[in-house]
> 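The structure follows.
Computed from a prediction, not measured in an experiment: that's the story for all the values here.
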Amino acid sequence: MTPLATWGQIGIGFPIGNLTSQLFANIYLNEFDYFIKHDLRIKYYARYADDFVIISGQKNYLEGIIPNIEDFLKNKLKLAIHPNKISIRKFKQGIDFLGYVSLPKYRLLRSETKRRITKKLRKRIIEYKDGLIKKETLSQSFNSYLGVLSHADTYKLQEELINSYWFWLKE
C-alpha cells in the first residue's frame, strides 16, 4: 500500500474519510493515472483513492520507476509518497492492498483490518446497549463488516465474528 501524501503534517494529504474526499482524490489523481499508464506504460497498475499498486516481475524495474513517480507527484501534483509505505515484494509473499493481502491462490484480510473490525463492532454493540444507536444501525454496521469479509477467504473469521456478535449482545 502506497499512500500518495506525507501524513501527519497539517494541510498535507487527502482526508479520505468520506465519499466526497474519495471522489475528489480520484479526480485529482486522474493525471497520475494517465502518467502511469501512458507515459510510463505500466500495464499492471491499480489505484483506489490514494492507494496504488504496480505489479512487475522485475525488481530492478520497480526500483527504477520510483524516482519517476516521486518526481511527477512532487512537481505536478504537489504530493509525496510516504517513505515508509513503499514495499517491493515477491508475489508469493502477497500484495497488501486496501485491507487485504492477495496471494496467488487466495486473499486474506490484513491482521490490522481484523483487529479494527472487531474493535469497531464491539464499540457499536456498546453504543446500541447504551441507547445511542438503533438496532437497525447496529445491523447495518454488522452486515457491512460481513461484506468486507466476503471478499476474502475468511470463513472461519466470519463464524468467529458472528458468534462474538451474539455473545456480546447477550452480555
Side-chain angles (χ1 to χ4, degrees), residues 1-8 13-30 32-33 36-37 42-57 59 62 79 81-171:
M1 190 156 59
T2 311
L4 297 177
T6 305
W7 302 110
F14 290 114
I16 302 294
N18 62 50
L19 190 57
T20 55
S21 293
Q22 293 173 26
L23 176 65
F24 292 141
N26 283 334
I27 292 168
Y28 191 72
L29 292 171
N30 180 58
F32 177 67
D33 296 336
I36 292 290
K37 298 297 275 178
I42 294 171
K43 187 174 181 179
Y44 301 107
Y45 160 77
R47 180 182 61 78
Y48 180 81
D50 66 336
D51 292 333
F52 68 94
V53 63
I54 297 170
I55 300 170
S56 171
K59 182 179 179 183
L62 291 170
L79 296 172
I81 297 175
H82 191 293
N84 298 334
K85 302 284 178 136
I86 298 172
S87 70
I88 298 176
R89 305 166 51 125
K90 294 182 188 260
F91 187 64
K92 66 182 178 184
Q93 294 173 308
I95 297 170
D96 186 350
F97 187 58
L98 302 177
Y100 300 95
V101 177
S102 296
L103 293 142
K105 298 190 185 230
Y106 56 97
R107 184 181 311 133
L108 301 173
L109 202 62
R110 187 186 310 141
S111 297
E112 177 58 31
T113 307
K114 289 179 202 175
R115 281 191 291 278
R116 193 176 316 116
I117 285 174
T118 303
K119 182 179 176 182
K120 285 184 175 184
L121 181 59
R122 183 83 164 131
K123 180 181 175 197
R124 293 303 259 174
I125 289 172
I126 291 168
E127 290 171 345
Y128 168 70
K129 286 181 172 184
D130 290 346
L132 301 173
I133 63 172
K134 296 179 181 182
K135 177 83 170 182
E136 181 182 359
T137 304
L138 175 61
S139 294
Q140 288 171 345
S141 293
F142 180 59
N143 287 327
S144 174
Y145 297 136
L146 291 177
V148 169
L149 296 179
S150 73
H151 296 287
D153 297 299
T154 58
Y155 176 79
K156 199 190 244 184
L157 180 60
Q158 286 181 48
E159 292 297 312
E160 289 173 15
L161 194 65
I162 291 167
N163 288 334
S164 295
Y165 176 78
W166 293 114
F167 177 76
W168 293 333
L169 272 176
K170 303 294 181 206
E171 283 185 318

> Let me confirm one number: the CD-CD1 distance from Q93 to I88, rounded to the nearest 0.5 Å.
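Reported to 0.5 Å precision, the distance equals 11.5 Å.
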> Assess whether side chain to side chain contact (heavy atoms under 4.5 Å, CB included) is satisfied between E127 and L138, documenting all intermediate values.
CA-CA 9 Å; E127 290 171 345; L138 175 61; over 6 Å; no
> State the CD1-CD1 distance between I55 and I42, to the nearest 0.5 angstrom.
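If we round to the nearest 0.5 Å, I55:CD1 and I42:CD1 are 11.5 Å apart.
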> Centroid separation under 6.0 Å, is that true for the rings of F52 and F32?
yes
> Indicate the atoms forming the closest heavy-atom contact of G94 with R89, along with that distance.
O-NE, 3.1 Å
> Could you please spell out the steps behind the side chain to side chain contact (heavy atoms under 4.5 Å, CB included) verdict for I133 and Q140?
CA-CA 11 Å; I133 63 172; Q140 288 171 345; over 6 Å; no
> Would you find more than 12 non-hydrogen atoms of other residues, nucleotides or ligands less than 6.0 Å from K135 atom NZ?
yes
> So which heavy atom on A49 is nearest to which on A25, and how close?
CA-CB, 4.3 Å
> Do any N or O atoms from the side chain of S150 and from the backbone of G147 form a donor-acceptor pair under 3.5 angstrom?
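At least one qualifying donor-acceptor pair exists.
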> Would you indicate whether K59, at its atom NZ, is surrounded by more than 12 heavy atoms from other residues, nucleotides or ligands within a distance under 6.0 Å?
no
> After noting the C-alpha distance and the side-chain angles of S139 and Y165, does the key distance pass the side chain to side chain contact (heavy atoms under 4.5 Å, CB included) rule?
CA-CA 10 Å; S139 294; Y165 176 78; 4.2 Å; yes
> Quick one, L109 and Y100 - any side-chain contact, counting heavy atoms below 4.5 Å?
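A side-chain contact exists here, since the closest heavy-atom pair is under 4.5 Å.
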> Nearest 0.5 Å, what's the CG-CD1 distance between L132 and I126?
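Output value for this atom pair is 10.5 Å.
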> Might you point out which heavy atoms bring R122 and E171 nearest each other, and give the distance in Å?
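It is NH1-OE1, 2.7 Å.
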> If you measure from the Lys or Arg side-chain nitrogens to the Asp or Glu carboxylate oxygens, is any gap between E112 and R115 under 4.0 Å?
yes
> With distance as the sole test, does R124 use its side chain to make a donor-acceptor pair with the main-chain N or O of F142 at under 3.5 Å?
no
> Can you tell me how far OH of Y128 sits from OG1 of T137, rounded to the nearest 0.5 angstrom?
10.5 Å
> If you round to the nearest 0.5 Å, how far is CD1 of I117 from OG of S164?
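Atom-to-atom, S164:OG and I117:CD1 are 12.5 Å apart.
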> Check for a donor-acceptor pair, side chain of K120 on one end and backbone N or O of Y145 on the other, with a separation under 3.5 Å.
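Side chain of K120 to backbone of Y145: no pair is present.
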> Within the 4.5 Å heavy-atom criterion, are P104 and F91 side-chain neighbours or not?
yes
> Please check: side-chain N/O of K85 versus main-chain N/O of D51, any donor-acceptor pairing under 3.5 Å?
no
> Counting only N and O atoms by type, is there a donor-acceptor contact under 3.5 Å from the side chain of K92 to the main-chain atoms of L103?
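Such a contact is absent between K92 side chain and L103 backbone.
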> Hey, does L146 have a side-chain heavy atom less than 4.5 Å from the side chain of I162?
yes
> To the closest 0.5 Å, what do you measure between CG (L29) and CG (D50)?
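Output value for this atom pair is 7.5 Å.
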> Please determine which of L157, T154, L108 meets the side chain to side chain contact (heavy atoms under 4.5 Å, CB included) test together with K114.
L157
